[in-house]
Engineer: 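Sending over a structure as structure tokens; questions will come in a sec.
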Amino acid sequence: MLPVLVVHGGAGFIPKERVQMSCAGVQAAVRGGYSKLQGQGSAMDAVVEAVTLLENDHHYNAGLGSVLNAKGEVEMDAIVMDGRYLASGAVSAVRKVANPVQLARLVMDKTSHLCLTGEGASQFARSMGVPEVPEESLITEYARMRWKKNLAADANPVECQMGKMGTVGAVAVDAEGNIACATSTGGMLNKMEGRVGDTACIGCGGYADNRVGAVSPTGEGEAIMKVTLARLILFHMEQGRSVEAAADEALAYMKDRVGGLGGVVVVDPQGEWSVRFSSLQMAWAAAQQQTLHYGLYTGEHFTQNIDDPY
């Protein structure tokens, strides 16, 4: 059953004209991450590679293509977690970095801290030799159009959020049985400057533990934070629930208790995995035993040999 990698491209509603590329992007990311696992790479290598590929794809709300805050600027959050020692690294409200997930890994590997934010994260990035990129290089016309639309006096914030591109994430178990997760996001459309959502918060935007499993969530950040969604799912797994049952129970609780919608990818140490979401759509893909799995709507599950052409 091992190794296995599962990737998501964000829960919510994907405009019709962006569906094909959103689905293609998660498949490309899972192929790239799975190649690391096939080459004896670690689960951490695999999730960082997969999320990096998604950050570089402008169809998602992470890295290139991130949504803009109220001032029309990009502020990004990311987290990684290694299930061997519960090591974790995160960054929040970072600017001018092409791949926040790689910076989050550096926080984990090179500091004694779990999370760096704002200018402090930027200073750390410079000290690590991470290239600073122009902010404009991270802003797409689509993101700018939606930012301007939401500034209008008659704008409906709920409708504006509906078309948002997705937070991205991945979970993996490598051939050695080690577990990891990674999540990255540009956050909430037209958010207040300095807003930090669930992604950078351990137990909310991700959690990985070799003894239990790993989770990467997506959805309404404030709701996810209120129920510590990632850790809640692993709690249910500790009580004997399957990956699917644990995810369903936690998502149902979040919807009932705080009215939040979202989605998750989950894996356990044996390589059992699940993709569950309460939103209309969530682009996802998984790789296991040379098979590529993918889907977009609830109940949708397609497969093909991972070596077959796109």
Side-chain angles (χ1 to χ4, degrees), residues 8-12 14-15 18 21-22 25 29 48 51-80 89-107 115-126 128-152 155 157 160-169 182-201 205-206 218-222 224-225:
H8 69 75
I14 303 172
R18 301 179 71 86
M21 294 308 297
S22 183
V48 170
V51 170
T52 295
L53 290 168
L54 292 168
E55 287 176 337
N56 293 340
D57 186 327
H58 67 87
H59 293 93
Y60 304 98
N61 177 19
L64 173 64
S66 290
V67 298
L68 308 184
N69 66 15
K71 293 178 65 177
E73 300 168 339
V74 171
E75 291 183 308
M76 302 167 289
D77 305 337
I79 192 170
V80 298
V91 292
S92 67
V94 295
R95 304 168 184 255
K96 300 180 180 180
V97 172
N99 297 112
V101 72
Q102 295 182 13
L103 184 58
R105 185 174 187 178
L106 285 170
V107 171
C115 185
L116 295 178
T117 192
E119 179 55 30
S122 296
Q123 291 177 11
F124 172 68
R126 289 191 288 271
M128 290 289 103
V130 176
E132 186 171 281
V133 301
E135 185 169 23
E136 285 297 317
S137 70
L138 301 173
I139 300 176
T140 63
E141 286 304 312
Y142 183 73
R144 194 178 297 281
M145 174 273 290
R146 298 186 62 249
W147 170 72
K148 289 181 178 178
K149 185 176 180 180
N150 204 33
L151 289 176
C160 288
Q161 290 293 336
M162 285 291 285
K164 80 178 183 72
M165 304 155 285
T167 291
V168 303
T183 311
S184 180
T185 188
M188 179 184 291
L189 178 65
N190 290 58
K191 63 191 176 184
M192 293 175 63
E193 184 179 8
R195 179 262 188 185
V196 176
D198 65 292
T199 295
C201 301
T218 171
E220 299 176 22
E222 276 67 13
I224 290 171
M225 295 169 82

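For the single chain, residues carry numbers from 1 onward in sequence order.
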Engineer: Between atom CE of M188 and atom CG of N61, what is the distance when rounded to the nearest 0.5 Å?
Structural biologist: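 Taking CE in M188 and CG in N61, the distance rounds to 10.5 Å.
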Engineer: In chain order, what residues pass the side chain to side chain donor-acceptor pair (under 3.5 Å) check against S122, with sequence neighbours excluded?
Structural biologist: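 Once residues adjacent in sequence are excluded, S122 has no partner under the side chain to side chain donor-acceptor pair (under 3.5 Å) criterion.
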Engineer: Between S66 and G186, what is the shortest heavy-atom contact and its length?
Structural biologist: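 Reported closest heavy-atom pair: OG-CA, 3.6 Å.
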Engineer: Once side chain to side chain donor-acceptor pair (under 3.5 Å) is applied, do any residues pair with E141, and if so which ones, sequence neighbours excluded?
Structural biologist: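 Testing E141 for side chain to side chain donor-acceptor pair (under 3.5 Å), a comparison that skips the adjacent residues, returns none.
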Engineer: Quick one: does any side-chain atom of T52 pair with a main-chain N or O of V48 as donor and acceptor, under 3.5 Å?
Structural biologist: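 Confirmed, T52 side chain pairs with V48 backbone.
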Engineer: When you look at E55 and V101, which way does the side-chain contact (heavy atoms from CB on, under 4.5 Å) test go after all the steps?
Structural biologist: CA-CA 8 Å; E55 287 176 337; V101 72; 3.4 Å; yes
Engineer: Name all residues meeting the side chain to side chain donor-acceptor pair (under 3.5 Å) criterion together with T199; count only those two or more places apart in sequence or in a different chain, and write none if there are none.
Structural biologist: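 Partners of T199 under the side chain to side chain donor-acceptor pair (under 3.5 Å) test: none.
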Engineer: Indicate the atoms forming the closest heavy-atom contact of I224 with G219, along with that distance.
Structural biologist: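 Scanning both residues completely, I find the closest heavy atoms to be CD1-N, 3.9 Å.
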Engineer: For the backbone of A11 and the side chain of T218, can you confirm whether one donor and one acceptor N or O come within less than 3.5 Å of each other?
Structural biologist: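 Indeed, once roles are kept as given, a pair shorter than 3.5 Å links the two residues.
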Engineer: With sequence neighbours excluded, what pairs up with R144 under the salt bridge (Lys or Arg N to Asp or Glu O under 4.0 Å) test?
Structural biologist: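 Expected list: E136.
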Engineer: R146 and L189: which non-hydrogen atoms are nearest, and at how many Å?
Structural biologist: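 Between these two residues, the closest heavy atoms are NH2-CD2, 3.5 Å.
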Engineer: Is it true that atom CE of M192 has more than 12 heavy atoms of other residues, nucleotides or ligands lying nearer than 6.0 Å?
Structural biologist: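 Open: at most 12 neighbouring heavy atoms sit under 6.0 Å from CE of M192.
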Engineer: For V130 and F124, run side-chain contact (heavy atoms from CB on, under 4.5 Å): C-alpha distance rounded to whole Å, both residues' side-chain angles, the deciding distance at 0.1 Å, then the answer.
Structural biologist: CA-CA 9 Å; V130 176; F124 172 68; over 6 Å; no
Engineer: Given M76 and S184, is the side-chain contact (heavy atoms from CB on, under 4.5 Å) satisfied, shown in steps?
Structural biologist: CA-CA 8 Å; M76 302 167 289; S184 180; 5.8 Å; no
Engineer: Consider only side-chain N and O atoms of N190 and N69, and report whether a donor and an acceptor are under 3.5 Å apart.
Structural biologist: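 The answer is no; no qualifying pair exists.
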Engineer: May I ask you to decide if H59's main-chain N or O and D57's side chain share a donor-acceptor pair within less than 3.5 Å?
Structural biologist: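 Between the backbone of H59 and the side chain of D57 there is a qualifying donor-acceptor contact (under 3.5 Å).
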Engineer: With a 4.5 Å cut-off on side-chain heavy atoms, are V91 and V107 touching?
Structural biologist: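 Of all side-chain heavy-atom pairs linking V91 with V107, at least one is under 4.5 Å.
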Engineer: When rounded to the nearest 0.5 angstrom, what is the spacing between CD in Q123 and CD in E119?
Structural biologist: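 Answer for the CD-CD pair, Q123 versus E119, is 4.5 Å.
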Engineer: Within 45° of the axis and under 6.0 Å from the centre of the six-membered ring of Y60, does NZ or CZ of R18 qualify?
Structural biologist: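 Geometry flag: not set, cation outside 6.0 Å or 45°.
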Engineer: Measure the CZ-NZ distance between R126 and K96 for me, rounded to the nearest 0.5 Å.
Structural biologist: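 One finds 9.0 Å between CZ of R126 and NZ of K96.
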Engineer: Donor-acceptor pair, distance only, cut-off 3.5 Å: does the side chain of D77 make one with the backbone of D198?
Structural biologist: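 It does not hold such a pair.
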Engineer: Please answer whether the main-chain N or O of V67 pairs with a side-chain N or O of K191 as donor and acceptor at a distance below 3.5 Å.
Structural biologist: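 Not a single qualifying donor-acceptor pair exists.
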Engineer: Please report the interatomic distance CG(N99) to CG(L54), rounded to the nearest 0.5 Å.
Structural biologist: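 If I round to the nearest 0.5 Å, the distance is 10.5 Å.
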Engineer: Using salt bridge (Lys or Arg N to Asp or Glu O under 4.0 Å) as the criterion, list what pairs up with E75, not counting sequence neighbours.
Structural biologist: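 Listed in chain order: R95.
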Engineer: Is E193 paired with K71 through a side-chain N to carboxylate O contact shorter than 4.0 Å?
Structural biologist: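 Yes, this pair counts.
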Engineer: Grab the two heavy atoms, one from I79 and one from A90, that are nearest each other, plus how far apart they are.
Structural biologist: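 Heavy atoms of I79 and A90 come nearest at CG1-CB, 3.9 Å.
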Engineer: As an exercise, state the distance from CG of L68 to CG of N150, rounded to the nearest 0.5 Å.
Structural biologist: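 Taking CG in L68 and CG in N150, the distance rounds to 10.5 Å.
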Engineer: Once salt bridge (Lys or Arg N to Asp or Glu O under 4.0 Å) is applied, do any residues pair with R195, and if so which ones, sequence neighbours excluded?
Structural biologist: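 Salt bridge (Lys or Arg N to Asp or Glu O under 4.0 Å) check on R195 returns E222.
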Engineer: Please report the shortest heavy-atom distance between T140 and A143, naming the atom on each side.
Structural biologist: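 For T140 and A143, the tightest heavy-atom pair comes out as OG1-N, 3.0 Å.
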Engineer: Between G72 and I139, which heavy-atom pair has the shortest distance, and what is it?
Structural biologist: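 Taking G72 first and I139 second, the nearest heavy atoms are O-CD1, 4.1 Å.
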